[in-house]
Each structure stands twice: as C-alpha cells, then as structure tokens.
Amino acid sequence: MRGTTKRRALIAAGVVVAAGAAVLAHAVFLPGPLDFAKGTRVSLADYKGPSPTGVPKELANAAVLERGAYLTAAADCQACHTAEGGTPYAGGRPFKLPFGTLYTPNITPDAETGIGRWTDADFLKAVHKGVAPGGRHLYPAFPYASYTLMTDEDVLAIKAYLFSLAPVRRANLPDTFSFPFNQRWLMAVWGAFFNPGHRFEPVADRGPEWNRGAYLVEGAAHCGECHTPRTLFQAMDTRHKFAGGQAEGWNAYNITPDQTSGIGTWSAPEIEAYLAQGHAKGRSVASGPMREAVELSFSKLVPSDIVAIRTYLQSVPAVHTDLPAPAGPAPRDHGTAVAGAIDGKRMFEGACASCHAWSGAGVNSADAQLTAKRAVNDPSAANVALMILKGSGPQVAGRPYMPGFAGAYSDEEIAAVANYVTARFGAVASTITAQDVARLRAD
Ligand code: HEC
Ligand code: HEC
Ligand code: HEC
C-alpha cells in the first residue's frame, strides 16, 4: 500500500518535472530568425550573387563616412540614443521597464563621457555581443540580438561615422533597476540563450532581393524588436515572428501577411509607401515609435532597399492573431449610435470632427482618415489614446499634423473619446478606462 502511494507520488513528481522542463525548453530553444525560410544557408563568402550586406549599389563608390551614415540611419541608432530635445547620439533617453528605468548612454566620441576611447574591438563586442569594455553586460533594450547579424565591416562603418561627429560632453545616467534586475551578469546568461551571436548567413535558394531584405529587416532595421511578441524571458518569440509586439506603450501591430489581423491585404506599393513616407492612402499613418523610425531611418533608404524590405516581409509565415479585420465605412447616423458614450461623442464633435469629419474620411487630407486604420480597429485603443495624448509628434514640413491633447483633457475624457472613435469607426468598440489612459500618460 505504502509502496504504491510512494510510486504514484514519484510518477506525479516526474510528470511535473518533465512538464516544467518542456515549458522551459519551449521558452529557451527558439528557432533562428531565418529558420522559417528553410533552404540552404551559406556563409557570406560562399554566397554567389550580389552581396546582401553593406550599402546598396547606388552608394557602391561612396566614401566610408557616407556608407557609415547610411548604415547608421538603417540601424536607427539615433532614435534611442537621443533625449527629447537633446543632441543626437548624446544619449539620455529613458526606457521605462516594469522594474526600473534605463537611460541610453552617450555614443558620441567624447573621451570622458562618450565612447571616444573605444577601440574597434570594443565597439564590435558591444554591438554584436552586448558587452562593454571592462566586461559590463548590456541589457537587451539595446537590440544587439538583431545587430549581431551585421558584418564587422558594416558595424565599423557605423563607428567611423559616429567618430566623425562632434564629441558631446554629457555624463551617462545610471539605471534605477532594483535587485535582482540590476545584476548585469545575468545578461551573459540571457545572451548565451537568446543572442544568435553570429553574422548574417544568406539563404542560397532565395534571390538577392530577398536576402538583402532579410539582412536589413532582421539585422540593422530590427523590425522584430518591436513587432515580435516576447517570451517569458523577454526574447523575441520567433515562433510568432512579427505577430505583434510593444514599443513604449504603443502596440506594434501584426505585420505578417495574415489577411485579417496582419497586412496581407496591403499591396506592395502600399507597404513601400508606408515604410518610406509613413503613410499610404487608405491605410494606416505611422505614429509614435513607428513615425520616428520612418523619419529617422526608413525614409533615408534608397527605393531598392525599401523594395527588398517589403519582399522579405511578405515572405514570412502569416500568423493569425485576434485583431479583427478593419471595418468598412462608418454608419451615416452618428446620432445616438453609441450607448453610454455621450461625452465621447460631444468631444469628437468639438475636438476632432473639424479635421476628421463625421464620416471619418478626413477633411482636406486623406491622412486624417480614421476608417480602415489598424489603430482604430484595435480593441485595446492604446494607440488611439496615445495619439490623442501626444498627437503626431514633432511637426514635419509638408506633412499633415495632429496636435496632442494631453494638457487639454482629463484621462476620463480621453478614454471616452477614444471609445467613441473605435465604436464609430472600428470593428469592435473599445473599453479603455481612465486608469489605462493615466498609465499611458505616465509613460
Ligand atoms: C531600441 C533602442 C536602441 C537602439 C536602436 C540602439 N541602442 Fe545602443 N543602447 C541602447 C540602450 C538602452 C543601451 C544601454 C544598455 C545598458 O545600459 O545596459 C545602449 C548601449 C549602447 C552602447 C554601450 C555604450 C556604453 O557606454 O556602455 C553602445 C556602444 C551602443 N548602444 C551603440 C549603438 C549603436 C551603434 C546603435 C545603432 C547601430 C545603437 N546603439 C542602437 C538602446 C539602443
Ligand atoms: C521602435 C519600434 C518599431 C520598429 C523598429 C518598427 N516598427 Fe513598425 N510599427 C511600430 C508601431 C508602434 C506601429 C503602430 C503605429 C501606429 O499605430 O501608427 C508600427 C506599425 C507598422 C506597420 C503598420 C501596421 C498596420 O497594420 O497599420 C507596418 C507595415 C510596420 N510597422 C512595418 C515595420 C517594418 C517593416 C519595420 C522594420 C523595417 C518596422 N515596422 C520597425 C513600431 C516599430
Ligand atoms: C488639426 C487637425 C486634427 C485634430 C483637431 C485632430 N486630429 Fe487626429 N489626425 C489629424 C491628422 C492630420 C492625422 C494624421 C497624422 C499624421 O499624418 O501623422 C491624424 C491622425 C489621427 C489618428 C491616427 C490614425 C491612424 O492612421 O492611425 C487618430 C486615432 C486620431 N487622429 C484621432 C483624433 C481624435 C480622437 C481627435 C480629437 C480628440 C483628433 N484626432 C483631433 C488631424 C487632427
């Protein structure tokens, strides 16, 4: 009797341990960034065809600084390494994480406060492995798990460009992480599992355009850092590549070719226009971190690189998520269509309709269209609320612009108008609360 109980207990314990190990293994052993493509992976040296790395052929004869400038833009080092209103690359932009705030360091060539004393080897080790001089391990908020695919030559061209800038004296701010998150050595363990740690390997069976796109998307442009969901261990969940992630409170949507929840219905020219200009007629307008990526990075790429990015993007497996297909035109009757959202409706009339129109078609500008937009069809309404709080961001000449309303309206009012907008123009009415808006405002 006692023997049986003991055996059962042992079997149960064994099952629990095995299940735990399976869950852990699932989270730890992830497919590599290009595994979905199958085919034969070859080293760059063995690849027959135009090199997928470096600068595009338009810049083949450019001087090293010009090549470095192009690659620095493609990798968008500026976005993260610049504080609001600060000198580019002098650091200080805060990244608020659940366990504290991390500030980007100064990467101008100042000898005291920047990276002026770094050797080529130091720089390569930081960008490929996330390890700074002295063995200081860096947090993966610095997307070295993507940059690791970039060749030494390209990373050193970026260094040459950064070292050509004026040094800026600006001391780095310490992070505010508490124990155990302040244990930087833990990032060595993270890197051992989740940093692929090798340079880009083209797929021989795919064309040069696809391979160039893969190099840009997975390496320099690090699309997955925002658009791929994260695992328990904050690694990119490559089983759900590009199925939707987060960037500073904004939802970075599903950009797989799924027909309803992804961008499967976007045409090639629409995807290219969105990436190069931040808007494509009838499709979304890039706001928040995506607008910044377009302004500082993708808009600086030559057309052939935009086509390469689009080619690669359309080749990844479609992943179906629970975002609904965007709704069609809004109902003509905007009277009492939304029960319990009277305040939101009145606010829309006073603060939004003059630019967006009751139909949501946009007044004077197709960019101000609200129908068919992913953000408006996102039941969380997070990006709609952030758009109302912050507006379009810095005004760019020649681009239509939306002001932010953070100072003008309370959290309750913003939640009400956001819920009205999704109910009237989207597929599903959102139920964002004042508390949710307060959290987005604090970020
Ligand atoms: C998504 C945001 C982001 C982007 C894009 C980014 N970085 Fe960083 N970077 C960070 C953060 C955050 C840190 C600090 C990490 C830490 O303290 O652990 C960092 C750290 C660094 C460091 C270490 C500096 C030091 O003093 O320790 C270097 C060098 C660096 N980045 C260079 C670059 C270069 C070059 C690029 C473009 C190829 C780039 N970064 C793009 C966020 C970013
Ligand atoms: C810094 C984070 C970040 C990076 C890097 C980034 N994105 Fe985005 N992306 C976003 C966010 C956030 C949105 C949602 C913007 C909005 O609601 O206006 C978005 C939206 C998009 C959309 C529109 C989706 C839709 O349904 O409306 C496409 C397409 C897209 N990104 C493609 C890309 C590609 C391709 C890359 C790399 C070349 C990339 N993104 C890199 C954050 C990012
Ligand atoms: C002064 C004109 C103006 C006003 C007022 C205005 N908007 Fe906008 N809005 C725009 C423009 C222009 C865009 C496109 C922004 C861009 O190109 O970056 C936009 C974009 C948006 C988007 C993003 C659409 C997308 O493609 O993702 C949302 C959501 C939005 N507005 C909601 C509102 C709401 C709600 C209000 C009222 C509280 C409002 N807007 C007030 C002009 C305005």
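Atoms within a ligand are numbered from 1 in the order they appear, just like the ligands themselves. All values derive from a computational prediction rather than experimental measurement.
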Quick check: [X] and ligand 2, any N/O pair under 3.5 Å apart?
X	answer
N251	no
Y253	no
V285	yes

Open item on the list: Looking at ligand 1, is there an atom of it that comes within less than 4.0 Å of some heavy atom belonging to M150?
Closed with: no

Task: Sub-4.0 Å heavy-atom contact, R184 with ligand 1 - done: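 R184: in contact with ligand 1 (<4.0 Å).
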
Open item on the list: Less than 4.0 angstrom from a charged side-chain N to a carboxylate O is my criterion; do E270 and K281 meet it?
Closed with: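 Here E270 does not pair with K281 in a salt bridge, since their nearest N and O are not under 4.0 Å apart.
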
Open item on the list: For a distance under 2.8 Å, give residue and atom name for each protein N, O or S atom next to atom 8 (Fe) of ligand 3.
Closed with: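 Protein N, O or S atoms closer than 2.8 Å to atom 8 (Fe) of ligand 3: H356 NE2, M402 SD.
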
Using a 4.0 Å cutoff against the non-hydrogen atoms of [X], which atoms of ligand 2 qualify?
X	value
W250	12 (C)
S284	25 (C), 27 (O)
N383	14 (C), 16 (C), 17 (O)

Open item on the list: Applying a heavy-atom cut-off of 4.0 Å, say which part of H227 lies close to ligand 2: side chain, backbone, both or neither.
Closed with: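 Looking at H227 and ligand 2, just side chain atoms fall under 4.0 Å.
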
Atoms of ligand 3 close to [X] [distance to a heavy atom under 4.0 angstrom, numbered from 1]:
X	answer
F405	5 (C), 38 (C), 41 (C)
V421	35 (C)
P403	1 (C)

Open item on the list: Taking atom CD as the centre, does E153 end up with more than 12 heavy-atom neighbours from other residues, nucleotides or ligands that are less than 6.0 angstrom away?
Closed with: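 It does not: E153 CD has 12 such atoms or fewer within range.
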
Open item on the list: Could you check whether K159 makes a cation-pi contact with F163, meaning its NZ or CZ is under 6.0 Å from the centre of the six-membered ring and within 45° of the ring axis?
Closed with: yes

- [ ] Tell me the protein N, O or S atoms under 2.8 Å from atom 8 (Fe) of ligand 1, in chain and number order.
- [x] H81 NE2

Among protein heavy atoms, which lies nearest [atom], and at what distance?
atom	answer
atom 20 (C) of ligand 2	Y274 OH, 3.2 Å
atom 37 (C) of ligand 2	C223 SG, 1.8 Å
atom 13 (C) of ligand 2	M290 CB, 3.6 Å
atom 15 (C) of ligand 2	S287 O, 3.7 Å

Ignoring hydrogens and angles, tell me if any N or O in the side chain of [X] forms a donor-acceptor pair with the backbone of [Y] under 3.5 Å.
X	Y	result
T104	G92	yes
S51	T53	yes
R230	G245	no

- [ ] Compute the shortest N/O to N/O distance between R136 and ligand 1 and return yes if it is under 3.5 Å, no if not.
- [x] yes

Task: salt bridge (charged side-chain N to carboxylate O under 4.0 Å, His left out) contacts in which one or both residues fall within residues 355-384, not counting sequence neighbours - done: none

- [ ] Determine, considering heavy atoms only, which of A221, A79, C226 sits nearest to atom 1 (C) of ligand 2.
- [x] C226

Task: Subset of ligand 1 atoms that lie under 4.0 Å from at least one heavy atom of D76 - done: 5 (C)

Task: Ring centroid separation H128 to Y144 under 6.0 Å - done: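 Centroid distance H128-Y144: not below 6.0 Å, so no.
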
Task: Aromatic plane relationship, F348 with W358 - under 30° parallel, 30 to 60° tilted, over 60° perpendicular - done: tilted

Open item on the list: Tell me which pairs pass side chain to side chain donor-acceptor pair (under 3.5 Å) where either residue lies in residues 235-244, with sequence neighbours left out.
Closed with: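 Listed once each, the pairs are H26-R239, E218-K241, D237-H240.
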
